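In what follows, a structure is listed as structure tokens, so that the remarks can point back to it.
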Amino acid sequence: HLLDARADALREHACALDAEGLKCWGKGDRGQLAVPTGLTGIKSIATGRHHTCVLDAQEVKCWGDSTYGQTTIPTALGQVSRLSAGSNTSCAFDDDHARCWGDNTNGQARVPAGLTGIKAIAAGDDHVCALDANGVKCWGANGAGQTQVPASLKGVRSLVSGGGAHTCALDAEGVKCWGSNEQGQLEVPKGLKDVRSIGVGVMHSCALDAEGVKCWGNNYQHQIEVPPGLKNVKLLMTGGFHNCVLDDQGVKCWGGNQEGQTQIPSGLKGVKQLVGGALNTCALDQEGVKCWGYNVYGQSNVPAGLKDVRWL
């Protein structure tokens, strides 16, 4: 299973795709909630810090903040099948080509030549990584080594960049991380077995393996102290400074809680997906979407009337 994901430390809006279309909520001061009319057959969605992009049946459309041109779609994009977004950068890609636009201060919008058979793109704050037929390539900011891909990567199955300056990959041998190691977030613990998913926060990392969840790196908010008693974990979500899992007993969260992001609401049933930013958490369950935590801009106030939500 291939995953391209990121934990955006500063995302202040959220979007969901339901039976009636795309709806966004939260901070909207830069137009990031103004979903354009006429979207049909949405195939891919990417949210940046203050902007949103979608690929629908016709083309790529972006809206919100365009200070760096991140919503100004380049001409002649060619065939596109998927999207990814960094803080102020947008990327569109298909199997054999990729284009990025927006903030290029550190070269993060300058896609290297020669990508082929692209399977995933993971965008961090100021760097981007791609998994293609030849392995992983990264570009953009490199002050902490975030584009220096380990030569030992083999058979990469999953690729995740976080809201900070590091990236982790799951390959045939296990988990490997690179970039900033300021808080030990690259120091993968020994003994991981049959890793199923990985997560990256701002300065910590987590993995779900056959024995449970293990986290490493920054522990200022106790985010690497996995609670005991987890049983048969099915989902792992790593936010900026907190984590949540779904196990046989329900959803459990730990780590930073200054905005209530680990205070799980009662009544969650049949949870299918967990999503987290730095200071809030959202769950998609059988009744719809529920969010909790940071709510200064209404990003935890899920709009009423969502029906048959397909993406969060």
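Everything numeric here is computed off the predicted structure, so don't read it as measured data. Excluded from the calculations below are hydrogen atoms, water molecules and symmetry mates; all remaining heavy atoms, backbone and side chain alike, are included.
A donor-acceptor pair under 3.5 Å links the side-chain atoms of Arg82 to the main chain of Lys119, judged by distance alone. One N or O on the side chain of Trp292 and one on the backbone of Gln261 form a donor-acceptor pair closer than 3.5 Å. Without hydrogens or angle criteria, Trp178 side chain to Gln146 main chain gives a donor-acceptor distance under 3.5 Å.
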Which is it for Ile198 and Ser205 under the side-chain contact (heavy atoms from CB on, under 4.5 Å) test, yes or no, and what are the steps along the way? CA-CA 8 Å; Ile198 52 178; Ser205 310; over 6 Å; no
Decide side-chain contact (heavy atoms from CB on, under 4.5 Å) for Glu287 and Lys269; before the verdict, give the C-alpha distance in whole Å, the side-chain angles of both, and the deciding distance to 0.1 Å. CA-CA 7 Å; Glu287 296 179 346; Lys269 299 177 182 178; 3.8 Å; yes
Would Asn88 and His50 satisfy side chain to side chain donor-acceptor pair (under 3.5 Å), going step by step from the backbone distance to the final call? CA-CA 8 Å; Asn88 298 303; His50 299 298; over 6 Å; no
Assess the residue pair Ile42 and Ser44 against the criterion (side-chain contact (heavy atoms from CB on, under 4.5 Å)); give the C-alpha distance rounded to whole Å, side-chain angles, the decisive distance to 0.1 Å, and a yes or no. CA-CA 6 Å; Ile42 293 174; Ser44 184; over 6 Å; no
Go through the steps to decide whether Asp247 and Asn232 satisfy the test side-chain contact (heavy atoms from CB on, under 4.5 Å), and finish with yes or no. CA-CA 5 Å; Asp247 74 350; Asn232 189 25; 5.6 Å; no
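For the pair Lys234 and Asp248, the salt-bridge criterion is met [side-chain N within less than 4.0 Å of a carboxylate O]. With respect to the salt-bridge test (charged N to carboxylate O, under 4.0 angstrom), the residues Lys43 and Asp56 do not qualify. Asp18 and Lys23 are joined by a salt bridge, as a carboxylate oxygen and a charged side-chain nitrogen come within less than 4.0 angstrom of each other.
Here the closest non-hydrogen pair linking Leu236 and Ala207 is CD2-C, 3.9 Å. Across all non-hydrogen atoms, the minimal contact from Ala98 to Ile118 is CB-CD1, 3.9 Å. For the residue pair Trp25 and Gln299, the shortest heavy atom distance occurs at NE1-O, 3.0 Å. Scanning all heavy atoms of the two residues, the minimum distance from His97 to Leu77 falls at NE2-O, 2.9 Å. When all heavy atoms are compared, the tightest approach of Val213 to Val226 is O-CG2, 3.6 Å. The minimum heavy-atom distance between Ile73 and Val60, with the atom names listed, is CD1-O, 2.9 Å.
Atom CD in Glu12 sits 4.5 Å away from atom NZ in Lys27 (nearest 0.5 Å). Atom-to-atom distance recorded for Ser66:OG and His51:NE2 is 8.5 Å, nearest 0.5 angstrom. Atom CD of Gln108 and atom SG of Cys91 lie 9.0 Å apart (nearest 0.5 Å). Between the SG atom of Cys282 and the CG atom of Leu312 there is a distance of 5.5 Å, given to the nearest 0.5 Å. Note that the NE2 atom of His13 and the CG atom of Asp29 stand 10.5 Å from one another [nearest 0.5 Å]. To the nearest 0.5 Å, the span separating CG on Leu274 from CG on Leu268 amounts to 8.5 Å.
Two residues are said to be in side-chain contact when any heavy atoms from C-beta on lie closer than 4.5 Å; Val188 and Trp216 meet this criterion. At least one side-chain heavy atom of Leu22 sits less than 4.5 Å from a side-chain heavy atom of Val54. Looking at heavy atoms from C-beta onward, Ser161 lies in side-chain contact with His127 at the 4.5 angstrom threshold. No side-chain heavy atom of Ile224 sits under 4.5 Å from any side-chain heavy atom of Asn218. Contact of the Leu279 side chain with the Gln258 side chain is registered, since non-hydrogen atoms from C-beta on lie closer than 4.5 Å. For the pair Ile121 and Val128, the minimum side-chain heavy-atom distance is below 4.5 Å. Looking at heavy atoms from C-beta onward, Trp311 lies out of side-chain contact with Leu284 at the 4.5 angstrom threshold. At a threshold of 4.5 Å between non-hydrogen side-chain atoms, the residues Val251 and Val245 do not count as touching.
In summary, the side chains of Gln185 and Glu182 do not present any donor paired with an acceptor at a separation below 3.5 Å, with no hydrogens or angles considered. A side-chain donor-acceptor contact under 3.5 Å links Asp125 and Ser87. Judged purely by distance below 3.5 Å, without hydrogens or angles, the side chains of Glu187 and Asn181 pair a donor atom with an acceptor atom. A donor atom on one side chain and an acceptor atom on the other are not found under 3.5 Å apart for Asn257 and His222. When only modelled atom types and interatomic distance are considered, Asn295 and Asn280 share no side-chain donor-acceptor pair under 3.5 Å. Side chains of His242 and Thr281: a donor-acceptor N/O pair is present below 3.5 angstrom, by distance only. Using modelled atom types, one finds no donor on one side chain facing an acceptor on the other under 3.5 Å when comparing Thr52 with Thr47. Residues Asp103 and Gln70 have side chains that never bring a donor and an acceptor to within less than 3.5 angstrom of each other.
Cluster annotation: Leu17 and Leu33 are assigned to distinct hydrophobic clusters (Ile/Leu/Val/Met/Phe/Trp/Tyr, side-chain heavy-atom contacts under 4.5 Å, transitive). One hydrophobic cluster, built from ILVMFWY side chains closer than 4.5 Å, cannot hold both Val275 and Leu246; they sit in different ones.
Checked against side chain to side chain contact (heavy atoms under 4.5 Å, CB included), Lys137 has the following partners two or more places apart in sequence or in another chain: Leu115, Asp132, Asn134.
Under a cut-off of 6.0 angstrom, the local environment of NZ in Lys154 is sparse, with at most 12 non-hydrogen atoms contributed by other residues, nucleotides or ligands.
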